[in-house]
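Note sheet for the following structure.
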Amino acid sequence: MSSSIPAFEAGTSAADGPISRYLDALHDRLLPLRDGEIATYIPELSTADPDAFGIAIATVDGHLYTSGAAGHPFTIQSMSKPFTYGYALRSCGVARVLEQVGVEPTGEAFNSIILDNVNNRPFNPMVNAGAIAVSELMPGDTPEARLAMMMDFFNDLAGRRLDIDEAVFASERDTGHRNRAIAYMMLNSGMITSPPEDVLELYFKQCSINVTCADMAMMAATLANHGTQPVTGRKILDPDQIRDMLTLMSTCGMYDYAGQWAYEVGLPAKSGVAGGIFAVIPGQAGIAVYSPPLDQVGNSIRGVAVCKEISRDFGLHAFSDRTMVQTVIRREYRASEVRSKRLRSVAEIAVLAREGHRIAVLEVQGALFFGSAERLIRRLAALAEDCMAIVIDFKRCSDADPAALRLIEEAVARFGEAGPDLVVTHVPGDHPLRALLPGGARGTGRVLTLPDTDTALEELENDLLSGFFETDDLARFALKRIDLFHGLDEGCIKALEGAVSSFQFSAGQQVIREGDDANAFFVVASGAASISVTLPGGQRKRVASVGPGQSFGEMALIDGGKRTADVHADSAMICYAFSVDRIREIAKARPEVLTTILQNLVISLTTRLRMANDEIRNLV
Ligand code: GLN
């Protein structure tokens with residue numbers, strides 16, 4: 001056999017540790033397993049080394065783990081069958097392919113000469129008859145064109161140029177009379193119409209492609225990766241085609257051993273008579289094994305043993321499912337328990353503590369699919385009974401499949417006019433849920449989108465509070481009603497009124513800059529402002545916001561040092577400003593001005609400290 005293939009290089013990063021060690025131990029343990037016979041019905045295959053034994057695992061992001069002779073070339077044989085089936089689905093469509101070959105397991109050997117008489121077609125594409133019928137579907141006007149098409153396809157799958165083992169091909173062509181019988185029988189029944197020798201030539205060449213375990217693991221990983229080759233990033237097959245290929249591998253891929261295999265390994269797989277087996281862990285990785293000695297049904301003995309152990313040790317059986325739909329709601333809370341970063345007056349805080357339960361926040365995590373979306377919409381329906389607004393925070397939810405989108409779309413549509421407001425946060429432009437939001441392809445218009453949950457909470461708190469306070473009544477913020485001056489008598493308030501100057505800011509305008517001298521403090525009369533710090537990476541983080549009646553920059557009164565944060569107006573804003581020097585001046589005659597303000601300041605700092613503590617708690 002040809003050995004012209006260069007040795008591949010496996011990754012050697014630190015991440016190889018546990019898995020490489022596991023594969024090496026498995027390899028060493030199974031090497032002494034010397035049962036089975038090398039296939040000899042294709043004479044050239046009988047020259048294989050019975051102790052050549054390789055294992056490879058490729059992940060969906062293209063990382064390769066190997067052990068033993070994973071770079072040893074051997075012919076792909078029947079492991080090619082699911083791939084040419086996928087190619088036929090891609091080039092001819094499902095309907096045409098189903099005319100040519102069925103989807104039923106046979107319960108017969110791989111080379112059985114039987115057709116499904118009812119439908120007049122081979123039982124499935126994983127046995128020789130079905131694969132030969134599929135070979136006829138390879139597009140191209142000449143045998144050369146068809147061969148080139150096929151090789152291009154396999155090269156794409158492996159991510160490198162493969163070649164044909166000419167010695168094995170010649171051996172198969174010269175001795176493959178059983179396959180010849182199958183092809184002529186199909187010609188006789190009208191199943192194939194092309195010259196059988198042409199179809200067989202392509203089929204024998206397909207079986208004689210040289211691969212290594214590393215190649216097969218990568219091809220398997222392409223199937224695991226929904227049809228995109230993990231290393232080249234090339235999209236080769238559609239997820240629907242992959243699903244059909246994997247289905248047939250599950251039911252027919254291991255010949256007569258398919259039932260036992262499904263029971264013990266539970267992964268879609270395919271074997272070949274040269275001693276290869278590959279298995280697919282959908283969404284995760286591909287496994288390939290090479291070891292020529294075969295069991296009675298034609299599957300590699302060490303190959304089956306390796307797959308059994310890997311599946312058992314890593315819990316990979318398709319039905320040992322660990323999906324956790326119950327964790328879809330990571331956290332749920334009400335605005336009475338967690339408030340936005342908006343600093344509020346004592347009276348506002350009291351209202352939020354009493355009424356905030358009518359605003360609910362749901363933090364969603366993980367992927368949304370049928371089961372997890374069902375949990376979410378059921379909880380939404382329950383909350384809709386007693387909430388005026390619901391915020392759904394999708395920060396930790398990266399994916400939603402079409403079934404989940406359909407369920408959520410219907411659930412949201414039924415919120416209707418009378419239902420609670422629905423606000424979704426952390427849904428960036430590329431998030432699948434975007435399609436359902438206003439401006440998206442199927443936007444319902446009933447949902448408000450905001451960048452983050454704090455902003456959403458702040459807006460909903462404002463809505464709630466507006467029912468209790470006339471928030472934009474300027475007169476309300478006569479100095480004596482401001483928390484910072486709480487407890488001061490008329491005389492002191494009068495003195496303060498003489499010291500105040502008022503400023504107007506437009507939306508986005510900077511009021512205070514970090515590092516500037518702190519020589520005045522402010523009270524918001526109308527509008528709102530955000531207090532933010534710059535993180536080491538340069539991004540801004542909003543730490544609090546202030547609205548009417550709230551003060552900021554008061555630290556100036558205590559240390560008179562530098563500003564420790566930036567303050568920007570969120571909207572048009574009017575502020576009262578007090579110079580620290582003027583306050584100290586007044587305090588000479590009325591010391592209680594300073595002591596009362598400082599006392600109120602301690603109360604407000606305590607509130608902010610509690611908020612900071614809550615925020616830290618919420619980080620975990
Ligand atoms: N080329 C081989 C044949 O047609 C393929 C069989 C197999 O790998 N099971 O017999």
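When a ligand or atom number is given, it counts from 1 through the structure's own listing order.
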Identify, for [atom], the protein heavy atom at the shortest distance, and state residue, atom and that distance.
atom	result
atom 2 (C) of ligand 1	Gln77 OE1, 3.1 Å
atom 10 (O) of ligand 1	Tyr41 OH, 2.5 Å
atom 6 (C) of ligand 1	Ser78 OG, 3.0 Å

Which segment of [X] sits under 4.0 Å of ligand 1 when only heavy atoms are counted:
X	answer
Val273	both
Phe204	neither
Met79	neither

Contacting atoms of ligand 1, where contact means under 4.0 angstrom from a heavy atom of [X]:
X	answer
Gly272	8 (O)
Phe110	6 (C), 9 (N), 10 (O)
Asn128	3 (C), 4 (O), 6 (C), 10 (O)
Glu172	1 (N), 2 (C)
Cys207	1 (N)

Report task. Please determine which of Thr327, Asp393, Leu376 meets the side chain to side chain contact (heavy atoms under 4.5 Å, CB included) test together with Val364. Result ->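 Exactly one option meets the side chain to side chain contact (heavy atoms under 4.5 Å, CB included) with Val364, and it is Leu376.
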Checking side-chain polar atoms at under 3.5 Å, does [X] have a donor or acceptor matched by the opposite partner on [Y]?
X	Y	answer
Arg434	His431	no
Ser78	Lys81	yes
Thr75	Asp165	no
Glu172	Gln77	yes
Tyr203	Asn128	yes
Thr212	Asp215	yes

Query raised in the report: So, does Gln100 use its side chain to make a donor-acceptor pair with the main chain of Ala133 at under 3.5 Å?
Result: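 Yes: the side chain of Gln100 pairs with the backbone of Ala133.
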Query raised in the report: Between the side chain of Arg121 and the main-chain N/O of Glu99, is any donor-acceptor distance below 3.5 Å?
Result: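 No, the answer is negative, given that no donor and acceptor are paired below the 3.5 Å cut-off.
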Report task. Measure the distances from the heavy atoms of Asn111 to every atom of ligand 1 and state whether one is below 4.0 angstrom. Result ->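 Contact absent.
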Query raised in the report: Has ligand 1 got any nitrogen or oxygen that is less than 3.5 angstrom from a nitrogen or oxygen of Asn179?
Result: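 Asn179 vs ligand 1: N/O contact under 3.5 Å present.
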Query raised in the report: Below 3.5 angstrom, do we get any N/O pair linking Ser271 and ligand 1?
Result: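 There is no such contact.
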